[in-house]
Protein chains: 2
Amino acid sequence: MKEGPDIAQIGSLIGDPGRANILTALMGGRALTATELAAAAGVTLQTASAHLSKLEAGGLLAQRKQGRHRYFTLADDGVGKLLEGIMGFAASRGHLRHRPGPKDPALRKARICYDHLAGDYGVRMLDSLVATGAISAMGEGLNLTPHGEAHLGSIGIDVSELRLNRRPLCRSCLDWSERRAHLAGSLGKALLSNFLDKGWARRTENSRSIFFTPEGDRRFLALFPLETTGQS
Amino acid sequence: MKEGPDIAQIGSLIGDPGRANILTALMGGRALTATELAAAAGVTLQTASAHLSKLEAGGLLAQRKQGRHRYFTLADDGVGKLLEGIMGFAASRGHLRHRPGPKDPALRKARICYDHLAGDYGVRMLDSLVATGAISAMGEGLNLTPHGEAHLGSIGIDVSELRLNRRPLCRSCLDWSERRAHLAGSLGKALLSNFLDKGWARRTENSRSIFFTPEGDRRFLALFPLETTGQS
DNA sequence: TTCATACTTCGACCCTAACCGAAGCATCTC
DNA sequence: GAGATGCTTCGGTTAGGGTCGAAGTATGAA
């Protein structure tokens with residue numbers, strides 16, 4: 001019984017609703033201050049402070065002091081991956097905080113998942129990349145083809161630079177709203193940054209949803225066409 | 001803040017030490033009775049019964065009534081995968097229940113991870129399969145080659161039958177003791193079953209460790225040679 | 001220096017939930 | 001039937017931790 005890692009410790013860290021709210025808010029990818037996180041979690045500042053200390057001590061959060069502000073982020077990609085996994089599992093068991101109805105359609109359409117695009121558009125993007133042969137899907141693994149690398153280069157993404165990163169280039173991430181895979185990893189991050197830089201889309205305040213401008217929407221759909229070949 | 005799946009609920013299910021012990025015990029793969037689980041968790045039968053009810057209501061456990069016994073198992077492969085993920089994460093942050101020293105060498109050498117082989121031998125097996133070209137590792141995905149399929153057929157594993165299963169054939173699973181990948185998925189399960197059936201190895205009572213007979217040990221090492229080519 | 005903002009620490013409250021003893025069902029054995 | 005075994009339910013206790021008010025510390029602005 002006393003074998004192995006202590007899953008109870010990190011389970012209890014995630015198990016408190018206040019802390020879960022904080023972590024979910026930080027899945028948005030941007031660094032948030034203690035005050036913002038307190039509001040997001042629906043608790044007072046003192047309570048949030050205590051939670052943040054515990055999360056940091058547990059290795060889930062990193063903080064950066066900047067003037068009199070304290071910015072918190074998820075400690076690293078591993079934490080994001082862990083939370084994604086738990087969210088996917090929770091969704092598969094129907095543990096939703098809201099009735100699953102057509103709530104928050106903007107969130108289902110396009111949202112940020114730690115640092116990459118998720119939701120309807122995220123799934124479509126990966127489907128399209130696979131259908132056009134830019135990415136080959138083998139089993140659970142995703143790999144960028146030379147064709148795909150050239151294609152992405154043409155829209156301003158330097159893949160060779162991304163390879164320098166220790167982080168995997170392509171990773172599939174299960175979407176809790178679509179129950180299908182979308183693209184994570186450093187390439188997923190780079191693609192979303194690319195869209196934001198070009199002004200195709202922008203983040204919304206206080207939410208994880210991503211808003212596409214009419215022009216950006218058009219360009220995105222043109223860049224990632226969806227053939228009706230029944231590609232899964 | 002009220003977006004998405006309820007990670008706090010499943011976090012708190014895992015967050016209690018008693019329940020975590022129960023889940024860890026069930027990672028051993030075999031079905032256990034309420035009494036056995038109570039002993040494993042170090043609590044009385046009443047307490048364990050309450051925990052088991054909660055875990056079942058949360059969709060983590062399945063039970064099968066057999067006579068006056070009640071056998072519990074993890075609900076499905078998804079739960080095993082979730083727990084593996086959390087264990088790997090916890091190990092990466094150093095959240096170990098024991099001082100990490102050379103405790104339980106048998107457990108580090110070979111143990112069962114839900115239904116497949118983990119530990120030193122598990123890592124070696126996957127390394128060898130990759131080195132000999134039986135499995136190709138691309139990114140995070142693993143794929144059985146035709147050569148590998150033939151090779152496994154020769155030792156009595158019918159891969160085509162495994163393909164009928166909805167479950168992925170090859171999946172990589174991060175080892176908390178070795179911090180390296182070993183083989184999971186239906187193929188990982190089949191290989192372990194194969195060793196047990198042949199009498200090369202057997203499970204030990206009340207522990208997740210796997211004991212190899214001297215003969216089985218010799219055969220295993222011969223079947224999965226480790227070339228010193230620095231294959232990672 | 002003085003005030004305001006951002007956050008932490010302290011102390012106390014309070015409530016959940018883990019826990020176990022005892023009693024109650026259910027199932028098997030004899 | 002009587003007794004034993006496996007497990008659940010009930011009731012009451014207790015401890016741990018989440019919570020917030022109030023006070024304390026750090027940084028920046030005026």
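Here the structure is a predicted model, which is why all the values come from computation and not from measurement. Lettering follows sequence order; numbering is per chain, from 1.
Note on A:Arg93 versus B:Asp76: salt bridge recorded, some NZ/NE/NH1/NH2 to OD/OE distance being below 4.0 Å.
Taking atom OH of residue B:Tyr71 and atom P of nucleotide D:dT5, one finds them 16 Å apart after rounding to whole Å. Atom CD of B:Gln66 is separated from atom C1' of C:dC28 by 13 Å (rounded to the nearest Å). Taking atom CG of residue A:Leu52 and atom P of nucleotide D:dT19, one finds them 12 Å apart after rounding to whole Å. The separation between A:Asp16 atom CG and C:dT16 atom C1' is 12 Å, rounded to whole Å. We find that CD of B:Gln63 is positioned 15 Å from P of C:dA26, with the value rounded to whole Å. At whole-Å resolution of the value, CG in B:Leu45 and P in D:dC10 are 16 Å apart. When rounded to the nearest whole Å, the span between CZ of B:Arg19 and C1' of C:dC19 equals 12 Å. If you take CZ of B:Arg64 and C1' of C:dT27, they are 17 Å apart, rounded to a whole angstrom.
Under the 3.5 Å distance criterion, with hydrogens and angles disregarded, a donor-acceptor pair is assigned to the side chains of A:Thr44 and A:Gln46. Side-chain polar atoms of B:Thr33 and B:Glu36 form a donor-acceptor pair below 3.5 angstrom.
Set against C:dT8, C:dC19, D:dT19, the side chain of B:Thr47 has C:dC19 as its closest nucleotide. Nearest to the side chain of A:Lys65, among C:dC20, D:dA26, C:dT29, sits D:dA26. The side chain of B:Lys54 approaches C:dA17 more closely than any other nucleotide in the set C:dC20, D:dT8, C:dA17. Listed candidates were C:dT8, C:dA6, C:dC20. Nearest to the side chain of A:Gln46 is C:dT8. The side chain of A:His69 lies closest to C:dC7 when the candidates are C:dA17, C:dT29, C:dC7.
When the nearest nucleotides of DNA chain C are assigned to A:Arg68 and A:Ala50 by heavy-atom distance, the more 5′-ward of the two goes with A:Arg68.
Of the listed residues (B:Leu26, B:Leu37, B:Leu13), just one forms a side chain to side chain contact (heavy atoms under 4.5 Å, CB included) with B:Leu61, and that residue is B:Leu26.
With ring centers used as reference points, B:Tyr121 lies under 6.0 Å from B:Phe212.
Within the nucleic acid shown, A:Thr33 comes within 4.0 Å of sugar-phosphate atoms alone, with no base atom in reach, counting heavy atoms only.
The side chain of B:Thr44 contributes an N or O atom lying less than 4.0 Å from OP1 or OP2 of C:dC20. For A:His51, no side-chain nitrogen or oxygen approaches OP1 or OP2 of D:dG17 to under 4.0 Å. Distances shorter than 4.0 Å separate none of the side-chain N or O atoms of B:Thr35 from OP1 or OP2 on D:dG6. Close to C:dT8, at under 4.0 Å from its OP1 or OP2, lies a side-chain N or O of A:Ser49. Put simply, A:Arg70 has no side-chain N or O that comes within less than 4.0 Å of OP1 or OP2 on D:dT27.
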